[in-house]
Amino acid sequence: MGCNASSSINESDPEYLEKLQNSKVEQMLMQSQQTEKNQVKLLLLGAGESGKSTVLKQMKLLHKGGFTSQERLLYSNVIWADTVGSMQTLIIQARKLGIPLKCDLPGSELYQFKKKVLAYKALDSIDASKAGGVSFLKNYVLKYSENGAAKRKMMSTGKANAGWEGTVEMEGSQEESEEVIPGLYELSGRSDIGFSKAQIAEAIQKLWQNDDGIQTCFQKNHLFQLEGSAAYYFEHAHLYAQDEYLCTDEDILKGRIKTTGITETNFLLNDTKFKILDAGGQRSERKKWIHCFQDITCALFVLAVSEYDQMLFEDERVNRMHEAIMLFESLCNSKWFANTPFILFLNKVDLLEDKLRRSPLRKYFPDYKGKTNDLEDTLQYFEKLFLSLNRANKPIYVHRTCATDTESMKFVLTAITDMIIQQNLKKSGLM
Ligand SMILES: Nc1nc2c(ncn2[C@@H]2O[C@H](COP(=O)(O)OP(=O)(O)OP(=O)(O)O)[C@@H](O)[C@H]2O)c(=O)[nH]1
Ligand SMILES: [Mg+2]
């Protein structure tokens with residue numbers, strides 16, 4: 001027999017239609033709850049230049065198929081400007097620190113190279129359309145600007161602070177929108193007299209390889225602001241001098257573009273949707289952080305352990321490690337993250353060993369009781385120090401990292417994404 005009468009349905013019956021509608025809504029709600037359960041939000045936090053965006057770049061390499069040609073071209077232009085800017089900084093700082101330079105001796109070959117480098121305006125040689133646009137370049141040049149440095153000096157408080165609480169500001173900081181006068185280039189008192197990029201790259205490499213004073217000054221780079229990857233840039237200067245050069249993955253990992261605002265990167269991993277939020281870490285950027293503090297599954301705090309003897313870019317009277325301590329303490333114990341687990345990356349471990357040899361930790365952290373110049377003791381000291389700031393008693397997972405090293409980061413990032421997925425499933429009752 002066919003269907004009996006009691007199961008027959010009148011498809012135009014309003015009661016039936018309402019029931020159908022309700023069950024559809026219920027189904028959609030269940031689906032969206034399921035999707036939310038399968039979604040994690042990971043927030044990258046830390047002071048400026050600690051390595052947050054570099055960690056994100058490694059995630060992009062692992063889960064998003066790497067970088068586009070446009071990104072490779074952008075970095076090529078930015079790194080070229082930084083290569084020239086970094087050599088100009090070394091020459092100028094050597095004079096300030098009273099370090100004699102071979103290239104200051106008139107008549108020598110190095111003297112001619114130095115003149116070329118100081119006269120060169122790297123930003124003028126860049127095609128703005130390939131390098132993030134004119135406003136990006138204007139903002140960018142601030143870090144080499146004497147005006148910018150003078151303003152930072154004026155704004156200096158000399159005190160470490162967390163700086164994210166209280167102010168809600170989404171628009172660009174005053175510093176970014178300001179008209180820029182690239183003072184560094186004016187110091188040479190000359191204009192660019194038409195050298196090719198190849199000639200400038202050669203001059204930079206000769207100065208780097210043959211002037212002991214430049215090397216001595218480089219060894220003292222904790223006394224001033226220098227790009228962390230400057231040595232790498234100098235060695236590869238001839239590549240960035242090529243107009244159409246596309247950066248390799250390694251170049252991009254070593255390259256630095258300060259993050260402004262908060263960027264969002266999404267990818268799918270084992271049916272879990274990852275949303276990674278990367279926040280700019282400099283003081284003016286931290287005022288925007290609070291906008292993304294809601295519903296964070298896990299916070300990843302990146303600490304540059306090698307920077308215990310360096311001062312902030314934003315305030316040259318404040319030690320970078322002191323600032324990071326204040327920042328971590330305020331975030332870790334904040335009500336925003338009361339139920340949020342933290343991951344702590346002790347980053348830039350590769351730079352730490354060499355740094356310890358040149359710059360004893362005890363000079364900056366007198367309570368350090370470990371062996372002098374000892375990598376392991378130093379890492380343990382910082383790990384203990386940061387864990388002791390956790391008054392909220394939340395779980396904190398610590399990893400020692402070199403964010404520029406793709407092989408080792410693969411292991412670390414796989415471990416943490418696995419851990420986050422497991423915890424998220426447990427929390428949402430799916431395991
Ligand atoms: N040698 C070395 N360099 C690193 C490491 N991690 C990051 N860097 C370099 O440090 C510089 C700054 O890194 P970013 O990732 O841009 O720092 P950030 O925390 O995103 O900085 P903001 O965007 O200003 O907050 C870049 O030149 C990186 O290549 C590391 O572990 N070792
Ligand atoms: Mg960044």
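When reading the values below, keep in mind they use all heavy atoms of this one structure, side chains included, and skip hydrogens, waters and symmetry mates. Counting starts at 1 for both ligands and their atoms, in listed order.
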Problem - the Mg ion (ligand 2): protein N, O or S atoms that are less than 2.8 Å away, sorted by chain - result: S53 OG, T259 OG1
Around [atom], find the nearest protein heavy atom and jot down its residue, atom name and distance.
atom	value
atom 10 (O) of ligand 1	K348 NZ, 3.1 Å
atom 6 (N) of ligand 1	N347 ND2, 3.0 Å
atom 17 (O) of ligand 1	G51 N, 3.2 Å
atom 24 (O) of ligand 1	R256 NH2, 3.0 Å
atom 19 (O) of ligand 1	K52 NZ, 2.7 Å

Any [X] heavy atom less than 4.0 Å from ligand 1:
X	answer
T404	yes
G255	yes
S50	yes
G46	no

Do NZ/NE/NH1/NH2 and the carboxylate oxygens of [X] and [Y] come within less than 4.0 Å?
X	Y	result
E376	R400	yes
R320	E323	no
D243	K197	yes
E307	K348	yes
D405	K410	no
E264	K275	yes

Report, in ascending order of atom number, the atoms of ligand 1 lying under 4.0 Å from any heavy atom of [X].
X	answer
T54	7 (C), 13 (O), 14 (P), 15 (O), 28 (C)
S229	27 (O), 29 (O)
G280	25 (O)
K254	26 (C), 27 (O), 29 (O)
G281	22 (P), 25 (O)

Is there any N or O on [X] that sits under 3.5 Å from an N or O of ligand 1?
X	answer
G48	no
D278	no
Y233	no
Q282	no
E49	yes

Side chain or backbone of [X] under 4.0 Å from ligand 1, or both, or neither, by non-hydrogen atoms?
X	value
L351	side chain
A403	both
L253	backbone
D350	side chain

Practice task
Can you establish whether the number of heavy atoms outside Q242 located under 6.0 Å from its atom CD is more than 12?
Solution key: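 Yes, enclosed.
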Practice task
Please check if atom CD in E109 has more than 12 non-hydrogen atoms from other residues, nucleotides or ligands closer than 6.0 Å.
Solution key: no
Handout entry: Stepwise side-chain hydrogen bond (donor to acceptor under 3.5 Å, both in side chains) check, Y240 with D82
Key = CA-CA 10 Å; Y240 313 127; D82 275 341; over 6 Å; no
Problem - Nearest heavy atoms of I325 and L385, plus distance in Å - result: CD1-CD2, 3.7 Å
Completion exercise
Of all heavy-atom pairs linking L327 and G46, the shortest is CD2-C, 3.7 Å
Handout entry: K57: salt bridge (charged side-chain N to carboxylate O under 4.0 Å, His left out) partners, not counting sequence neighbours
Key =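 Not a single residue meets the salt bridge (charged side-chain N to carboxylate O under 4.0 Å, His left out) criterion with K57.
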Exercise for the section: Please round to the nearest 0.5 Å and tell me the distance separating atom CZ of F328 and atom CG of L344. Expected result: 5.0 Å
Problem - Of F301, W336, Y397, F337, the residue whose pairing with F342 passes ring pair (Phe, Tyr, Trp, His ring centres under 6.0 Å) - result: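 Going through the options one by one, the only one that passes is F337.
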Exercise for the section: Quickly, which of Y308, Y364, F365 forms a ring pair (Phe, Tyr, Trp, His ring centres under 6.0 Å) with H322? Name it, please. Expected result: F365
Practice task
Could you check W80 against Y245 for ring pair (Phe, Tyr, Trp, His ring centres under 6.0 Å), going step by step and ending with a plain yes or no?
Solution key: CA-CA 10 Å; W80 170 245; Y245 177 71; over 10 Å; no
Handout entry: S86: which of I204, I79, L226 passes side-chain contact (heavy atoms from CB on, under 4.5 Å)
Key = L226
